[in-house]
Amino acid sequence: MNESDASATAALEGTAPQQHGYSANKDAYLKRLKRIEGQVRGIARMVDEDKYCIDILTQVAAVTKALHAVSLGLVEEHIGHCVVGAAAEPDPELRAEAIDFKVKEATDAIGRLLR
């Protein structure tokens, strides 16, 4: 479901669309991702121009590090917003289930990042 579908569904249900933890920093994330996109295009150009392999690998390492920084920021935002939000659930049974679900999401995402 995309963002507009979520907004439409929320409007039909009479609720506000869900705000994600990274929303406050969305512009900064987009700026970083656009910079990374430019770096990747630069790497492709280096390959196309037959640049020295170590120079290309250096740029790949820089992009990898930049993506990891974005990933860690998103994990931090998820824990600070989504997990903490689940902990604020007033119903104790739903709270425990919501916390478990959000923590599992974070753990799974971290596991994917470490592969």
Side-chain angles (χ1 to χ4, degrees):
M1 178 182 326
N2 64 34
E3 191 172 329
S4 63
D5 291 340
S7 297
T9 301
L12 288 174
E13 295 173 354
T15 61
Q18 179 180 359
Q19 184 156 356
H20 300 290
Y22 64 84
S23 294
N25 298 314
K26 183 177 179 177
D27 290 339
Y29 281 115
L30 288 172
K31 184 177 178 181
R32 277 182 109 169
L33 289 167
K34 286 185 187 303
R35 189 170 38 239
I36 292 167
E37 181 181 14
Q39 287 178 285
V40 171
R41 279 195 303 272
I43 293 169
R45 191 170 38 258
M46 290 175 77
V47 171
D48 185 52
E49 296 171 357
D50 295 319
K51 298 294 183 184
Y52 186 55
C53 52
I54 297 301
D55 293 340
I56 296 169
L57 288 170
T58 299
Q59 293 306 309
V60 169
V63 167
T64 301
K65 184 175 178 180
L67 284 171
H68 280 150
V70 169
S71 299
L72 287 174
L74 289 170
V75 167
E76 183 177 348
E77 302 271 10
H78 176 73
I79 292 169
H81 179 266
C82 301
V83 175
V84 170
E89 167 62 47
D91 183 327
E93 286 185 32
L94 292 177
R95 182 182 323 123
E97 184 178 327
I99 291 170
D100 288 346
F101 180 77
K102 294 299 182 182
V103 168
K104 175 92 169 89
E105 281 183 326
T107 303
D108 290 348
I110 292 166
R112 288 189 300 272
L113 289 170
L114 295 176
R115 285 189 211 141

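The first residue in the sequence is number 1, and the count goes up from there. The figures that follow rest on heavy atoms only: side chains count, while hydrogens, waters and symmetry mates do not.
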Roughly how far, to the nearest 0.5 Å, is the NZ atom of K26 from the CD atom of E77?
13.0 Å
In the single-linkage hydrophobic clustering (I, L, V, M, F, W, Y; side-chain heavy atoms under 4.5 Å), do L74 and L113 co-cluster?
no
The reported gap from CD in Q39 to CG in L33 (rounded to nearest 0.5 angstrom) is 11.0 Å
Atom pair CD (E76) and CD1 (I79), whose distance is rounded to the nearest 0.5 Å
8.0 Å
Joint hydrophobic cluster, I43 plus L57, side-chain heavy atoms closer than 4.5 Å
no
Decide if atom CD of E49 counts as having more than 12 heavy atoms of other residues, nucleotides or ligands within a radius under 6.0 Å.
yes
Could you tell me which residues satisfy salt bridge (charged side-chain N to carboxylate O under 4.0 Å, His left out) with E97, sequence neighbours excluded, listed by chain and number?
none
Within one Ile-Leu-Val-Met-Phe-Trp-Tyr cluster: M46 and V63, side-chain cutoff 4.5 Å:
yes
Considering non-hydrogen atoms only, spot the tightest contact between A86 and R95 and give its length.
O-CG, 3.5 Å
I'd like to know if K34 pairs up with E37 as an ion pair, taking the criterion as any Lys NZ or Arg NE/NH1/NH2 lying under 4.0 Å from an Asp or Glu carboxylate oxygen.
no
Is it possible for you to say whether L30 and V70 belong to one hydrophobic cluster, with membership spreading through side-chain heavy-atom contacts below 4.5 Å?
no
If I compare all heavy atoms of K102 with all of H78, which pair ends up nearest, and what's the gap?
O-NE2, 3.0 Å
Are I56 and I36 joined in one hydrophobic group, where the rule is that I, L, V, M, F, W and Y side chains link up if heavy atoms are under 4.5 Å apart?
yes
Across all chains, not counting sequence neighbours, the salt bridge (charged side-chain N to carboxylate O under 4.0 Å, His left out) partners of R112 are none
F101: which other cluster members, linking ILVMFWY side chains closer than 4.5 Å, directly or transitively?
none
If I take atom CG from residue L72 and atom CG from residue L67, how far apart are they, to the nearest 0.5 angstrom?
11.0 Å
